[in-house]
Amino acid sequence: MDFKEFIEKGEKLFLPNLSVDMVIIGFHEGELKCLLLQIGDKWLLPGGYILRTESVEDATVRILRERTGLKDPHFKFLSVFGGENRKFTEEWKHFFEENHLPFKENTWLNDRFVTLAHYSLVDFEKTKPVIGNLDDAFAWFNIDELPKMWMDHKKIVLTAKKRLKEDIQHEQLTYNLLPKEFTMPQLHGLHQTILGENLDRSRFQKKMIASGAFERLPKLKKETPGRNPYQYRVKKA
């Protein structure tokens with residue numbers, strides 16, 4: 001569906017005034033990265049709209065698969081963003097003008113929208129981002145060094161960053177950011193990056209093993225001379 005058709009038929013295809021936005025987080029070269037899409041000179045979160053023929057959950061899975069290329073991506077509900085003035089007339093007007101399209105105040109895109117925000121933890125190396133008809137490009141940004149963003153999307157990213165810090169205190173979910181097989185030093189470094197603080201390595205490893213969530217593999221990871229750490233993977237349910 002091209003953009004013109006999207007504008008003309010969108011109101012009939014999608015649920016009115018409701019959208020889904022995804023904070024897609026990866027871990028690369030020791031940094032937490034956030035996947036963003038570019039429209040003009042600004043960046044925004046990957047997202048989409050809910051077809052009238054699908055459930056909210058099905059729409060979320062579809063949008064995430066379309067944006068990442070992953071078959072079974074992790075995701076968690078984050079929050080509802082629906083302020084009384086959550087309407088982005090200036091942004092849409094500028095976009096239409098830049099693309100030499102007539103802007104109408106009563107277009108369905110210019111109405112107030114409530115968004116259902118989720119965050120997703122992905123394996124950076126396996127994620128194959130895809131841009132849509134509205135997007136010019138995609139890029140990964142350090143979650144602490146975000147560019148100028150459209151609408152209220154920076155607020156959504158910062159909310160996801162805070163929630164992730166809270167969630168890892170009582171849930172085992174950070175392994176979604178790592179390859180299928182990983183070492184405890186890798187997991188330790190990841191937790192330090194998310195929390196922004198130093199963690200005692202021995203105490204951390206004992207806690208992770210005691211959780212019962214991981215199984216140690218018989219083979220050793222041989223990357224450097226001398227002692228090499230064991231590899232682990234998540235135990236199958």
Going by heavy atoms in the side chains, are [X] and [Y] under 4.5 Å from each other?
X    : Y    : result
V61  : F75  : yes
I194 : L32  : yes
F138 : L36  : no
L146 : V157 : yes
M184 : P229 : no
Y119 : H74  : yes
F14  : L51  : yes
L187 : P185 : no

Practice problem: Start with the C-alpha distance between I168 and L195, add both sets of side-chain angles, then the distance that settles side-chain contact (heavy atoms from CB on, under 4.5 Å), and finish with yes or no. | Solution: CA-CA 9 Å; I168 68 170; L195 295 173; 3.8 Å; yes
Judged by atom type as modelled, is there a donor-acceptor pair below 3.5 Å linking the side chain of [X] to the main-chain atoms of [Y]?
X    : Y    : answer
D123 : E125 : yes
R67  : G48  : no
N17  : F113 : no
Q38  : G40  : yes
N110 : E105 : yes
N99  : F95  : yes
H118 : L116 : yes
R233 : P179 : no
S211 : M208 : yes
N176 : L173 : yes

Quiz prompt | Common cluster, F124/V130, ILVMFWY with side-chain heavy-atom separation under 4.5 Å | solution =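 No; tracing contacts between hydrophobic side chains, which count when under 4.5 Å, never links both residues.
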Taking all heavy atoms of [X] and all of [Y], pick out the closest pair and write down the distance.
X    : Y    : result
L37  : P46  : CD1-CA, 3.7 Å
Q172 : A213 : CG-CB, 4.0 Å
K235 : G212 : CD-O, 3.2 Å
A117 : I156 : CB-CG2, 3.9 Å
V122 : W140 : CG2-CH2, 3.9 Å
V23  : A160 : CG1-CB, 3.7 Å

Sequence-distant partners of [X], salt bridge (Lys or Arg N to Asp or Glu O under 4.0 Å), two or more places apart:
X   : answer
E57 : none
E5  : K9
E8  : none
E31 : K33

Salt bridge [X]-[Y], side-chain N to carboxylate O under 4.0 Å:
X    : Y    : value
R86  : D152 : yes
D167 : K76  : yes
D200 : K207 : no

Quiz item: Checking side-chain contact (heavy atoms from CB on, under 4.5 Å) for the pair I24/L64: CA distance, chi angles, key distance, verdict?
Solution: CA-CA 9 Å; I24 300 172; L64 192 49; 3.7 Å; yes
Exercise. Measure from the ring center of F6 to the ring center of W108 and say whether it is less than 6.0 Å.
Key: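 Yes: the rings meet the under 6.0 Å criterion.
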Exercise. Test side-chain contact (heavy atoms from CB on, under 4.5 Å) on V114 and F81 and set out the steps.
Key: CA-CA 6 Å; V114 172; F81 290 81; over 6 Å; no
How long is the gap from [atom1] on [X] to [atom2] on [Y], to the nearest 0.5 Å?
X    : Y    : atom1 : atom2 : result
L177 : L190 : CG    : CG    : 5.5 Å
F204 : H188 : CZ    : NE2   : 6.5 Å
F27  : I143 : CZ    : CD1   : 12.0 Å
L164 : T159 : CG    : OG1   : 12.5 Å
L44  : D135 : CG    : CG    : 6.5 Å
S79  : K155 : OG    : NZ    : 8.5 Å

Exercise. Please check if any side-chain donor atom of S19 sits under 3.5 Å from a side-chain acceptor atom of T115, or the reverse.
Key: yes
Quiz item: Have S55 and D58 got a donor and an acceptor in their side chains that come within less than 3.5 Å?
Solution: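 Side-chain D/A pair, S55 to D58: present.
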Quiz item: Could you give all pairs that pass the ring-ring contact (aromatic ring centres under 6.0 Å, His included) test and reach residues 144-168, with sequence neighbours left out?
Solution: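 Those involving residues 144-168 are W92-W150.
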Practice problem: Carefully, step by step, assess K161 and D144 under the rule salt bridge (Lys or Arg N to Asp or Glu O under 4.0 Å). | Solution: CA-CA 9 Å; K161 177 187 172 185; D144 293 319; 2.3 Å; yes
Quiz item: Applying the side-chain contact (heavy atoms from CB on, under 4.5 Å) test to Y232, which of I209, T183, L217 qualifies?
Solution: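 Answer after filtering I209, T183, L217: I209.
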Self-check item: side chain to side chain donor-acceptor pair (under 3.5 Å) contacts in which one or both residues fall within residues 42-54, not counting sequence neighbours
Solution: E54-R62
Practice problem: List the steps and the verdict of side-chain contact (heavy atoms from CB on, under 4.5 Å) for M22 and I63. | Solution: CA-CA 8 Å; M22 305 297 310; I63 291 166; 4.3 Å; yes
